[in-house]
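Step one of this worksheet: look at the structure below.
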Amino acid sequence: MSAYWAAQAWLPDGLASDVRLTEADGRFTSVVAGTTPEPGDRRLPGVVLPGFANTHSHAFHRALRGRTHDRGGTFWTWREQMYALAGTLTPDTYLDLARATYAEMVLAGVTTVGEFHYLHHAPGGVHYDDPNVMAEALRTAAREAGLRITLLDTAYLTGGIDAPLEGAQLRFGDHDADAWAARVAAIRPDHTLTVGAAIHSVRAVPLDDLPAVAAHATGRPLHVHLSEQRLENEQALGTFGATPTRVLADAGALGPATTAVHAVHLTPDDIATLGSSRTGVCLCPSTEQDLGDGIAPGAALHAAGARLSVGSDQQVQTDLLAEARSVELHERLAAQTRGVLTPADLLTALTAGGHTSLGDPTGGRLAPGTPADLVAVRTDSARTAGADPAQVVMVAGTADVDTVLVGGVVRVEGGRHVLGDVGAMLGTAIRAAWEEAR
Ligand SMILES: [Zn+2]
């Protein structure tokens, strides 16, 4: 058994003082406020939060950070640069890149990542001897970096609505929904990997295949990119006579086990549909800024009943506290008012909301019986000094994360990952990935 003590901790009922947490076998056994530390307790600095969920990640996109800003363009031209990288990664370079990317996430307080995984096959769409070797690389990467992974294995069957896969996209494809499901069925869950499913988008799974993919995902988390770009809506309306949200609803793909990612360009009916079906919505503000996607109606979705979460998506930054506060800051820009979502709403999205979307409805809470994950955020740094600890999400960032515990194991202490220099790991992995791409 291990014991931890924090002057401030965010418990399910809100911020509490003088909190003692005990852990055994990877789960909290007690969480009690109003205590004094006992001999041998590990004292944590700052304010202690539950482990963060990074609900939407494409690990390999980390190699694009800081390399795509000199050409202007749009989401669609950025995608060409991403395809150039996707076309050449091998199981080995994918593993090294994902391990370093996940280590950076742990430094940011992430204890579970939702990996939206579509880079399945070898160039040209040829199956590897083990057709899940790329998924296994992600499993190994997560285990070595020290966080849990929900592998959202992605059905990606067409290059666009009624368009074949081509170029790098051939690596993403399975022949049809049944072939995708059969391959995914061979991926074994373990204590650090949950097998989930994803529909890449209504662009990439034909209308006739959507119900089958949704049915295969029954009992697992199901994620889907939704209305990130106006062009997707225009194509869906032109071809199906319905918005992407309506298409998914009609296919039986929405509900509490589903998480729609981005959800930027929605009609009032779409918002009502997502809310009334209790579908989760994952917002990725730094990506939506970087790719010029637009501002998602986060507050309206929250008010309608959709469960919010956040993700680092294409890894333009790895700062989940910043992602969470940007949900509110986007609302301020759009609505010209403050406090649409409270700091508690944002922390819930970052923790319990995200873990629920990744298949663990008990995660993201400092409570007995839940996974022993926590994040100690310093309240004495140049960024955070003087702030109300209950509002720390509005000011703190990755640099303020001091200690990260995942399943009872310390992975970050004093702001350093136990693996060592994550910057060096990233630099080596990214150089190797681009050398292959040349
Ligand atoms: Zn994405």
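Basis for what follows: all heavy atoms, side chains included, without hydrogens, waters or symmetry-related copies. We count ligands from 1, going down the list as the structure has it; atoms in each ligand are counted the same way.
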Q. Where the Zn ion (ligand 1) is the corner point, what angle links OD1 of Asp313 with NE2 of His56, to 10°?
A.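 An angle of 90° at the metal.
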
Q: To 10°, measure the NE2(His58)-the Zn ion (ligand 1)-NE2(His225) angle for me.
A: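 Result: 110°, to 10°.
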
Q. How far apart are the C-alpha atoms of His61 and Trp78, what are their side-chain angles, what is the distance that settles it, and do they pass the ring pair (Phe, Tyr, Trp, His ring centres under 6.0 Å) test?
A. CA-CA 11 Å; His61 293 190; Trp78 171 86; 5.3 Å; yes

(Q) Less than 3.5 Å apart, any donor N or O on the side chain of Asp293 or His265 sitting next to an acceptor on the other? (A)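 No, because no side-chain N or O of Asp293 sits under 3.5 Å from a partner of the opposite role on His265.
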
Q. Are His117 and His58 an aromatic pair by the rule of ring centers under 6.0 Å?
A.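 Here the rings of His58 and His117 have centres that are no less than 6.0 Å from each other.
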
(Q) Taking the ring centre of each residue, are His120 and His175 less than 6.0 Å apart? (A)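 Judged by ring-centre distance (under 6.0 Å), His120 and His175 do not meet the cut-off.
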
**Q.** Cys284 near the Zn ion (ligand 1): N/O/S under 2.8 Å
**A.**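 Checking Cys284: none of its N, O or S atoms is under 2.8 Å.
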
